[in-house]
Amino acid sequence: MPDHDAIVIGAGFSGLYQLKRLRELGLDTCVVEAGGDVGGTWYWNRYPGARCDIESLEYSYSFDQELEQEWDWSERYAAQPEILAYLRHVAERYDLRRDISFDTRVVKLDWDGERAQWTVTTDDGATRRARYVIAATGCLSKPSRPDFPGMADFAGEVYWTSSWPHEGVELAGKRVAVIGTGSSGLQTITAIAPVVERLTVFQRTPAYAVPAHNGPIAERLAALRPRYGDFREESRMTRAGFHCAEENSTFYVDTEPEQVRAEFERRWLDGGLCYTQAFRDILTDVDANEAAAEHVREQIRRKVSDPDLAERLTPRSYPIGAKRMCVDTGYFEVYNRDNVSLVDINAEPIHRLTERGILAGETEHEVDVIILATGFDAMTGALNAIEIRNGERTLREKWAAGPRTYLGLMSEGFPNLFLITGPQSPSVLSNMLTSIEYHVDWVTHAIEHLRAKGLRWMEPDPEAEENWVNANNDVADLTVMPRAASWYMGANIPGKRRVFLPFVGGVGTYRQIGDGVAIARYHGFELA
Ligand code: FAD
């Protein structure tokens, strides 16, 4: 007999909801979490300025209308402490903590085909067995930690945004370097620039950033509450799993130049990630993409007073949207401050850290603190960190040339191992909450089906998986998305095979496919 019916790995948004759903099915479920408390992303990423870039009204659970009605978000984009408080509230409201083992990392999963169960080994040496394992391990939970030469020589303090000290860091009056200008870098830079004595930013690739126009949300929340359920339902069928004022159905190629400009202006003033939905063809038509990119470049030139600096901050080498877009609150304006400077590491590569700072090009930048905002081994990193084995086969080996899944939910050869927001699902190209809830519900129904039919396991059949992998690559190739050296492509991790990781076809479409598969009695899966 297994120790549990199901083991869930991870206690972020995904793991918490999965625990609740499996309990409702009557399954004895245990969650194993490497961190010291619930929260996942929002437990680890406590750097200054950390906040969501999908509006909180949508970057929140929709599964319980009472929860939705009782929780008050204070801002359009909530900051990390508020999101973490929300997740703690959820854990308490549904009494989830009693089934979670904290400070425990899963290191190995071993499938026993005869008993149809997984043996789960944790870093304390303990093993537990369960029929089902649900990897709610997160798309952005395995930090990428480049090992700069001379790291040990640096006499100052070093912090990673992805595991910021819980007690906080005193940066006031210090000389600080930030390496990395993705979302976490931008948020950190904007938050600390007014506080530190000197800030030196090391940039490899300039970011496309659209303004957040963050602010209080009480009025909008009150207006939305009577129709919150419908609002959520609409989101589920959109392209990215969240509302844009309108999802534009017109094409750039069919639009007059003045209207194009007006549309970009309007979206810029609205703020947020709906900017890239100004026209249907922004991610598929090179000219449409360039027009959207040029509008952002114009805004950067407007915001940054020094033209040379503006140029260095202007993204030109990749299509807009092909790397994760940033949502900012005064990021570019930071560079008008006297205490902020920019080092372009393409022109002045970082050679090494020294005792006093960072040697880039010919210059040694003396600093007291180095903050590394160097991102994550996205989508596959946390899964590949676990030895997942079925006899001689390991998932890591199977995925060496890129992940292979069916619907991003399971991988052939690894029965009863379900992935929440796995590779080849919309995941990081969407409001993750919409995608997480869909996957958790899908997995819960699949397990319910297995139990109702007296079946012991399921896994994709190889042909369905092959078709899904090919369809993913084909759809991605119809867009500009693979044209950037992005983490969507695995390009930020040395040696990682470059394949486009998320499903680019949209949340609504994906959902129709997933529902169709389930209705057709799990077509493309083998059940026994
Ligand atoms: P996570 O929150 O990553 O939780 C996974 C958990 O699994 C972690 O706690 C980890 O410790 C644990 N874990 C992993 N491996 C193991 C193991 N082997 N053993 C035990 N435990 C393990 N998405 C959006 O849609 N909108 C946003 O605005 C947004 N902002 C973000 C901002 C930042 C700074 C980051 C890093 C990500 C952001 N994301 C955003 C993506 C975010 O990761 C998801 O929205 C969401 O929080 C994912 O929840 P999750 O539970 O699936 O994964």
Side-chain angles (χ1 to χ4, degrees), residues 7-19 30-56 58-61 76-80 83-84 86-87 90 100-109 120-124 133-144 160-164 182-188 212 235 240-242 272-273 324-327 373 375-379 381-388 419-422 425-437 439-440 487 502 507:
I7 292 177
V8 176
I9 313 173
F13 271 109
S14 301
L16 292 179
Y17 182 42
Q18 187 68 75
L19 170 60
C30 131
V31 179
V32 181
E33 165 57 55
D37 196 9
V38 300
T41 291
W42 306 101
Y43 169 85
W44 297 105
N45 293 265
R46 300 173 186 232
Y47 58 84
R51 61 177 69 244
C52 56
D53 56 17
I54 299 280
E55 297 187 27
S56 305
E58 309 205 57
Y59 189 68
S60 45
Y61 289 120
R76 184 176 176 187
Y77 301 96
Q80 174 271 334
I83 305 174
L84 185 58
Y86 172 76
L87 282 159
V90 167
I100 308 178
S101 302
F102 292 109
D103 296 310
T104 311
R105 184 172 288 279
V106 171
V107 292
K108 191 172 175 195
L109 299 177
V120 177
T121 308
T122 47
D123 57 357
D124 52 4
V133 169
I134 298 95
T137 42
C139 295
L140 299 172
S141 59
K142 172 98 185 353
S144 153
W160 304 86
T161 52
S162 53
S163 50
W164 198 259
S183 288
S184 299
L186 257 66
Q187 290 183 334
T188 307
S235 288
F242 64 95
L273 292 172
R324 172 81 184 179
M325 288 279 290
C326 298
V327 177
F376 298 89
D377 183 352
M379 303 210 69
L383 289 164
N384 281 335
I386 303 170
E387 184 185 332
I388 301 175
L419 316 175
I420 304 300
T421 66
S425 73
S427 56
V428 290
L429 293 182
S430 67
N431 170 8
M432 289 287 286
L433 261 291
T434 313
S435 291
I436 287 169
E437 287 193 329
H439 267 189
V440 168
W487 56 257
V507 166

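Just so you know, ligand 1 is whichever comes first in the structure, and atom 1 is the first atom listed for that ligand.
- Residue Thr122 places every heavy atom at 4.0 Å or more from ligand 1.
- Listed by number with element, the atoms of ligand 1 under 4.0 angstrom from any heavy atom of Ser141 are 3 (O).
- With a 4.0 Å cut-off on non-hydrogen atoms, Ile386 touches ligand 1 through its side chain and not its backbone.
- At distances below 3.5 Å, not a single donor-acceptor pair connects side-chain atoms of Arg46 with backbone N or O atoms of Gln80.
- Under 3.5 Å, the side chains of Thr434 and Ser235 contain no donor-acceptor pair of N or O atoms.
- Within the 3.5 Å criterion, the main-chain N or O of Glu437 finds no donor-acceptor partner in the side chain of Tyr61.
- With respect to atom 47 (O) of ligand 1, the closest heavy atom belonging to the protein is Tyr59 OH, 3.2 Å.
- Counting only heavy atoms of the protein, atom 12 (C) of ligand 1 lies nearest to Glu33 OE1, 3.4 Å.
- In terms of protein heavy atoms, atom 18 (N) of ligand 1 is closest to Val106 O, 2.9 Å.
- Of the protein's non-hydrogen atoms, the one nearest atom 50 (P) of ligand 1 is Ser14 OG, 3.4 Å.
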Derivation of the side chain to side chain contact (heavy atoms under 4.5 Å, CB included) call for Thr41 and Ser141: CA-CA 7 Å; Thr41 291; Ser141 59; 5.9 Å; no

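- Per-residue contacts place Thr104 under 4.0 angstrom from the following atoms of ligand 1 (heavy atoms of the residue considered): 20 (C).
- Residue contacts with ligand 1, taken as heavy atom pairs separated by less than 4.0 Å, involve Ile436 solely via side-chain atoms from C-beta onward.
- Neither the backbone nor the side chain of Tyr17 comes within 4.0 Å of ligand 1, counting heavy atoms alone.
- When heavy-atom distances to ligand 1 are checked against a 4.0 Å cut-off, Ala136 comes that close only through its backbone atoms N, CA, C and O.
- At least one heavy atom of Trp42 sits closer than 4.0 Å to an atom of ligand 1.
- Across Val32, Ile9, Thr41, heavy-atom proximity to atom 1 (P) of ligand 1 is greatest for Thr41.
- Using 4.0 Å as the threshold, Ser430 has a heavy atom nearer than that to some atom of ligand 1.
- If you number the atoms of ligand 1 from 1 as listed, the ones under 4.0 Å from a heavy atom of Cys52 come out as 28 (O).
- Atom numbering of ligand 1 starts at 1 in the shown order; those under 4.0 Å from a heavy atom of Trp44 are 8 (C), 9 (O), 10 (C), 11 (O).
- With distances taken over non-hydrogen atoms, the option nearest atom 13 (N) of ligand 1 out of Thr137, Val31, Leu87, Ile420 is Thr137.
- For atom 20 (C) of ligand 1, the closest non-hydrogen atom of the protein is Ala34 N, 3.3 Å.
- Which parts of ligand 1 touch Gly10 is read off a 4.0 Å heavy-atom cut-off, strictly below it: atoms 6 (C), 7 (O), 12 (C).
- Between atom 53 (O) of ligand 1 and the options Gly40, Gly39, Gly138, the minimum heavy-atom separation is to Gly138.
- A donor-acceptor pair under 3.5 Å links the side-chain atoms of Gln187 to the main chain of Arg51, judged by distance alone.
- Remark: side-chain polar atoms of Ser427 are paired, donor with acceptor, to backbone N or O of Ser425 under 3.5 angstrom.
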From CA spacing to verdict: side chain to side chain contact (heavy atoms under 4.5 Å, CB included), Glu387, Leu109: CA-CA 6 Å; Glu387 184 185 332; Leu109 299 177; over 6 Å; no

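- Exactly one residue among Val120, Thr121, Ile386 makes a side chain to side chain contact (heavy atoms under 4.5 Å, CB included) with Val107. That residue is Thr121.
- A salt bridge does not link Arg105 to Asp124: none of the charged side-chain nitrogens sits closer than 4.0 Å to a carboxylate oxygen.
- Side chain of Ser14 to backbone of Gly12: no donor-acceptor contact under 3.5 angstrom is found.
- Using a distance-only test at 3.5 Å, with no hydrogens or angles considered, a donor-acceptor pair links the side chain of Glu33 to the main chain of Ala11.
- In this structure, the side chain of Tyr43 engages the main chain of Gly36 through a donor-acceptor pair within 3.5 Å.
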Stepwise ring pair (Phe, Tyr, Trp, His ring centres under 6.0 Å) check, Tyr86 with Tyr59: CA-CA 11 Å; Tyr86 172 76; Tyr59 189 68; 8.9 Å; no

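- Among protein heavy atoms, atom 28 (O) of ligand 1 sits closest to Asp53 N, 2.5 Å.
- Some N or O of Phe13 is nearer than 3.5 Å to an N or O of ligand 1, by distance alone.
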Stepwise side chain to side chain contact (heavy atoms under 4.5 Å, CB included) check, Val507 with Phe242: CA-CA 9 Å; Val507 166; Phe242 64 95; over 6 Å; no

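- Here is the list of ligand 1 atoms found below 4.0 Å of a heavy atom in Phe376: 36 (C).
- Closest protein heavy atom to atom 34 (C) of ligand 1: Tyr47 OH, 3.4 Å.
- The shortest contact between atom 23 (N) of ligand 1 and any protein heavy atom is with Met432 CG, 3.4 Å.
- Side chain of Arg324 to backbone of Val428: a donor-acceptor contact under 3.5 angstrom is found.
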